[in-house]
Amino acid sequence: MTQLIQSFLEKRSFRAKINDTLSEPHPIEAGVPQGSVLSPLLYAAFTADIPKTRNTTLAILATVYLQEAAKALETWFRRWRIEVNPEKSSALLITRRYVVPEGQVRMFREDIPWKDQVKYLGVVIDKRLSFIPHVNYAAGKGKMVTGQLSPLTCRRSKMSIKNKLVLYKSVVLPTMIYASVAWGHVSETQLHKLQEHLLEIANKTFEKAKEHENPLVREAVDYDETGPSRCKRPKMVLNG
C-alpha cells in the first residue's frame, strides 16, 4: 500500500499554457491530483490531526476564541508547510439573527474579511443557510452550459435526438443539481427556478419537433393528453 501511494504522488509535473504557448515542465512538490478518487482520502488522512481548540463554537459571541483557533491553524500550516493565501480566505457567520461580527480574525498578519456568502467546493453558502444564492447560481450556470452546447443541440445539428438527450443528462443536468444533497431541502419556490429552465428546454424541443420533416417525429408530439391512451394495459396488471 505504501509503495502504491508513493508511486501515485511522486514524479508528477505541471505546465502552464498562455494562448498557444506552453511553459517547461515543473515538478509538483506538494498536493494531490485533482479529480482523483484517492486524493480526498489522502487529504483527509493528512489533515486528521488539524488542531481543534476549545470554545471555537462560541466565536459568534467573542471573536477572541475564533482568533485562538486561527492561531492554532496557522502554527499547524507552518509545521506541515501548507501554503494559505489570506487574501483568498473569508470568514462567514452563520445565523438567522441580524448580528454584525465584532473585530477581525487575522491569519499570517492579514485580516480575514467577513462575508455574507462564500463559495466552497462549488456550493454557495450564505449566512442564513437558505441556499437561495446557490439556486440562482446553479440556474445561471445551467443556462450558460446550455448556450455553450447550442451548436451541438440546435436544429441545424446533425446529432441524433438520442445523443442530444445523453449530452443533456451528462452535462447540463449534473451542472444544475451538483451537491443537491446539501441544498435540496430549499423551498418549492426556489426549486421552481431550476424547473423553469428545464421546461424551457423541453418546450423548445417540442416546438421544433412539430415542424420536423419526419412525419413520425411530428406524430410523437401531436397528441391530446386528455384523450384516450393508445397504450394497452399489461395483462398481468390488476385493476385498481
- prompt: Looking at Phe131, is Arg128 sitting on its ring face, NZ or CZ under 6.0 Å from the six-membered ring centre and within 45 degrees of the normal?
  reply: no
query: Does any non-hydrogen side-chain atom of Tyr168 lie less than 4.5 Å from one of Thr153?
result: no
task: Starting at NZ of Lys119, measure out to NE2 of His134 and round the result to the nearest 0.5 Å.
output: 9.0 Å
- request: Could you tell me which non-hydrogen atom of Ser90 sits nearest to which non-hydrogen atom of Ile112, and how far apart they are?
  value: C-CG2, 3.5 Å
message: Surrounding NZ of Lys71 (heavy atoms of other residues, nucleotides or ligands, distance under 6.0 Å), is the total greater than 12?
response: no
message: Take a 6.0 Å sphere around CG of Leu22 and say whether it holds more than 12 heavy atoms from other residues, nucleotides or ligands.
response: yes
message: Could you check whether atom OH of Tyr120 has more than 12 heavy atoms from other residues, nucleotides or ligands sitting under 6.0 Å from it?
response: no
statement: Heavy-atom nearest pair, Asp116 first then Leu92, reads O-CD1, 3.6 Å
message: Give me the atom names and distance for the closest heavy-atom approach of Val105 to Ala70.
response: CG1-CB, 3.9 Å
field: Over 12 non-hydrogen atoms of neighbours within 6.0 angstrom of CH2 in Trp76
entry: yes
- line: All heavy atoms of Ser157 vs all of Leu152, minimum pair found to be OG-O, 2.6 Å
message: Minimum heavy-atom separation for Pro174 and Lys169, please, with both atom names.
response: CD-O, 3.0 Å
task: Could you pull out all residues at least two apart from Arg78 that satisfy side chain to side chain donor-acceptor pair (under 3.5 Å)?
output: Glu74
- prompt: Would you find a donor on one side and an acceptor on the other, under 3.5 Å apart, between the side chain of Trp183 and the backbone of Tyr178?
  reply: yes
task: May I ask you to list the residues sharing a hydrophobic cluster with Tyr137, side-chain cutoff 4.5 Å, ordered by chain and number?
output: Val124
- request: Flag yes if more than 12 heavy atoms outside Arg81 fall under 6.0 Å of its CZ atom; otherwise flag no.
  value: no
- request: With the side chain counted from C-beta on, respond yes when Glu83 and Phe77 share a heavy-atom pair under 4.5 Å apart, and no when they do not.
  value: no
statement: Tightest non-hydrogen contact, residues Gln148 and Pro151, listed as O-CD, 3.4 Å
- prompt: Would you say the side chain of Val84 lies within less than 4.5 Å of the side chain of Ser89, judging by non-hydrogen atoms?
  reply: yes
message: Less than 4.5 Å apart, side chain to side chain, heavy atoms only: is that true for Lys193 and Ile132?
response: yes
query: So, do Lys127 and Leu93 sit near enough that their side-chain heavy atoms are less than 4.5 Å apart?
result: no
